[in-house]
Amino acid sequence: MPIVYDGATGVFHLFNRRISYYLGLSEHGLLQHLYFGSRLNKIDRRSMTDLGWDWSETYLGPDDVERRRTGFYSDRSLMELAPHGANDKRGAPVIIRYPDGSRLTAFFYRSHRIYTGKPDLGMLPCTRAGDSEATSLEFTLTDQAGTVECRLTYTVFENLDVIARNMTLRRLTDSDIRVLRAYTLELDLPESTYDLIHFCGDWAQERFLDRAPLHDGTQSFCSNYGRSSHEENPFALLAEPSATETTGQAYAFGLVYSGNFDFAASVSKWKTTRVLLGLGDFDFEWSLGEELVAPEALLAYSNEGIEHLSHTFHDLIRNNLIRYPAVAKPRPLLFNSWEGTLLTFDTEKIIRYIDEAARIGAELFVLDDGWFGRRDTDDRSLGDWTVNEGKVDLKTVIDHCHRRNMKFGLWFEPEMISYDSDLYRTHPEYALGGRKVERSLSRHQLVLDSSLPAAVDCIFAQMCAVLDAYEIDYVKWDHNRSVAEIASAATPSGEVYHRLVLGTYDLIDRLESRYPHVFFEGCASGGGRYDLGMLCYCPQIWTSDETDPIQRLFIQYGTSFAYPPSTMGAHVSKSAVTGYTTKAEIALFGTYGLEMDPGGLTDSERTEIMKVNEIYHRYHCDVIQNGTFYRLRSPFETNYAAFMSVAQDRKTALVFFANILKENNRFRFLKLRGLDPVREYRIAGDQSVYTGAYLLNVGINLTRWLDEFTSFLFILEAVE
Ligand code: GLA
């Protein structure tokens with residue numbers, strides 16, 4: 001059993017072959033953190049908890065002579081669920097406001113159970129694991145007065161160096177209990193010499209890497225945009241300052257959630273580090289009814305650098321998070337109409353696009369924005385999900401597609417509403433902001449109040465009507481503005497942000513259950529909601545509206561720290577920064593698709609695309625979609641971007657290299673990763689053959705003059 005409890009010492013040990021997580025009960029039943037790292041068969045509990053000096057500080061709770069006598073002070077301890085209000089500048093994961101206004105929040109052990117498998121969260125997305133894949137430890141804790149129960153669950157995975165953490169708060173009395181904060185994750189580490197790495201940016205600049213040392217006090221980032229956002233991502237790393245891709249200790253933290261979140265790393269006066277991650281507490285105040293289920297948090301460890309953390313998350317996402325059953329199967333080559341047509345099209349133009357897209361190899365045609373209501377400009381019709389028959393004869397378009405052996409996909413933006421829409425005219429209360437406040441428009445639109453079940457039902461019914469009437473194989477699910485002015489017609493404002501997300505999950509969950517054959521791709525003005533929550537429902541997410549290939553190198557590189565290339569929507573577009581071959585090779589390290597006016601391509605551009613299409617069909621599924629991805633050179637730190645992906649059997653690999661600024665002749669070798677050292681590999685093109693060991697230790701010779709934005713794609717195949 002990979003979870004063991006030693007009743008004599010009050011110590012719990014969660015482990016797999018490579019990692020150990022130890023926690024213990026304090027004398028008074030508080031959960032103390034002891035250790036998270038490489039597998040350890042034994043722990044010296046005393047050395048982890050006794051700081052060896054006598055002193056006096058604030059103790060926990062109301063006057064308690066006994067506690068004072070035993071000298072347990074939570075603020076100088078490593079905790080699992082630190083109390084709030086006990087003089088601890090690192091902050092606490094949970095804050096409750098009691099009917100008398102007090103907020104002192106501390107949870108004490110009542111019982112535990114250990115079971116195989118892992119919990120399901122009902123309304124919230126989460127990782128899944130069968131009985132042979134994971135084991136869980138569930139604590140039942142209550143506060144001092146016995147008014148609130150906290151169920152805290154840890155799941156250790158058998159083959160992944162990751163711990164999932166779940167938390168549910170439940171009211172045990174009738175009194176008015178408000179939850180002011182409910183962070184799922186706390187990790188206290190006995191050191192503070194770490195770099196914090198997180199992924200921040202903007203529209204068209206999503207997930208740019210930022211790495212800086214921790215220092216005294218708190219470094220935090222969050223989203224209060226109502227979605228996980230372009231600006232930050234609910235994923236971060238702590239790494240030893242010397243840690244590289246392949247060396248050093250590092251931790252990864254991820255939240256399975258798509259709305260507001262908070263991340264904080266605090267260095268205490270004792271030089272410990274506390275990491276907190278969870279549901280954003282911005283404008284959050286939850287009246288605790290039956291229970292509040294917090295989003296799942298994931299915690300991974302590596303003692304062999306950052307790459308291993310990425311591999312852990314990539315595998316977890318592909319195998320245990322995305323629930324689309326055919327996630328590992330080859331995906332049809334996608335063509336999207338947006339950058340070609342924008343909102344201006346008719347049936348004839350779309351038919352022409354389908355024909356042209358078929359000519360360049362498309363197998364799935366996606367009709368983007370503009371097919372519904374009176375949507376000829378982007379200031380109208382969101383919420384009116386009925387086909388604009390006067391503009392496009394959808395049946396003819398879909399039949400044409402299917403006759404050409406192409407699948408058909410359609411764009412929706414279900415969580416938005418336009419002022420100029422029939423839905424708004426009939427149900428103004430479905431728009432967030434009500435009449436109570438001055439509302440901001442962003443892209444001329446308002447946010448649908450999906451915290452209202454009636455609004456969600458209305459959109460569900462409209463989408464079902466379309467999905468029932470037409471043969472649709474794919475849905476692109478967009479979200480083009482962030483959430484502001486959270487006044488709702490019925491939902492208390494402290495609950496709006498979270499209930500919006502719950503409404504969205506409910507909607508997509510119901511649609512996916514009803515249309516299991518439909519493939520859903522996420523999107524939010526590009527990559528504004530690229531997170532573990534949406535990935536549960538959407539096996540791929542549009543990574544960014546930026547299709548300039550050089551910018552994309554940064555975006556896809558940053559995104560790869562948490563998310564596998566198989567999830568990164570990436571299209572070849574008209575962007576003139578490089579030629580089509582480079583653009584297509586970069587898109588290949590995502591999902592690969594096409595998005596331009598296909599009729600505007602020259603013959604030679606078409607030929608360039610078709611050549612990469614061949615590579616897509618031959619290698620993408622095995623090597624990229626289901627393979628192992630390695631970062632070789634960081635565009636954030638060097639003049640190059642280089643990465644590669646290796647098939648699971650290590651017989652085939654694709655390697656990409658690009659330089660950014662021009663470089664003169666110089667020695668330049670690109671050492672590879674993930675190959676089998678004893679095999680021989682043939683590099684397509686010049687047909688040279690090298691051993692894996694040679695390519696791992698010496699590398700591919702790129703000693704030459706490089707003009708700016710020169711790129712190479714190397715295809716390696718094992719010599720049988
Ligand atoms: C967003 C998406 C684009 C496109 C447009 C349509 O910006 O990111 O890909 O779908 O909306 O309005």
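We count residues from 1, following the sequence as given. Counting starts at 1 for both ligands and their atoms, following the listed order.
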* Using distance alone, decide if ligand 1 has a nitrogen or oxygen within less than 3.5 Å of any nitrogen or oxygen in E595. => no
Measure [X] to ligand 1 on non-hydrogen atoms and call it side chain, backbone, both or neither using the 4.0 Å cut-off.
X: N480; answer: side chain
X: H571; answer: neither
X: D478; answer: side chain

Ligand 1 atoms in contact with [X] (distance to a heavy atom under 4.0 Å):
X: S525; result: 7 (O), 8 (O)
X: G526; result: 8 (O)
X: R443; result: 6 (C), 11 (O), 12 (O)
X: W542; result: 8 (O), 9 (O)
X: C523; result: 2 (C), 8 (O)
X: D545; result: 2 (C), 3 (C), 7 (O), 8 (O), 9 (O)

* Check whether any heavy atom of K476 sits under 4.0 Å from an atom of ligand 1. =>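 Yes, K476 has heavy atoms under 4.0 Å from ligand 1.
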* Asked: Looking only at heavy atoms of E413, does any of them come nearer than 4.0 Å to an atom of ligand 1?
  ->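 Distance cut 4.0 Å: E413 fails for ligand 1.
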Under 6.0 Å between the ring centres of [X] and [Y]?
X: F412; Y: F372; result: no
X: F235; Y: F561; result: no
X: Y324; Y: F519; result: yes

Just to confirm my output: which protein heavy-atom neighbour is closest to [atom], and how far is it?
atom: atom 12 (O) of ligand 1; value: D369 OD2, 2.7 Å
atom: atom 10 (O) of ligand 1; value: D368 OD1, 2.6 Å
atom: atom 5 (C) of ligand 1; value: W338 CE2, 3.6 Å

* Structure fact -> In this structure, CZ of F709 is separated from CG of L553 (nearest 0.5 Å) by 9.0 Å
* Please report the C-alpha distance between H230 and D202 in whole Å, then the side-chain angles of each, then the deciding distance to 0.1 Å, and finally whether the side-chain hydrogen bond (donor to acceptor under 3.5 Å, both in side chains) criterion is met. => CA-CA 5 Å; H230 298 90; D202 194 357; 5.9 Å; no
Does [X] count as lying over the ring of [Y], i.e. NZ or CZ under 6.0 Å from the six-ring centre, within 45 degrees of the axis?
X: R510; Y: F460; value: yes
X: K391; Y: F345; value: yes
X: R375; Y: W411; value: no

* Establish, from distance only, whether the side-chain atoms of S310 and R631 form a donor-acceptor pair under 3.5 Å. =>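 Their side chains do contain a donor-acceptor pair, which is all the 3.5 Å distance test asks for.
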* To do: Inspect the contact between K574 and E595 and indicate whether a charged nitrogen and a carboxylate oxygen are less than 4.0 angstrom apart.
  =>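 Here E595 does not pair with K574 in a salt bridge, since their nearest N and O are not under 4.0 Å apart.
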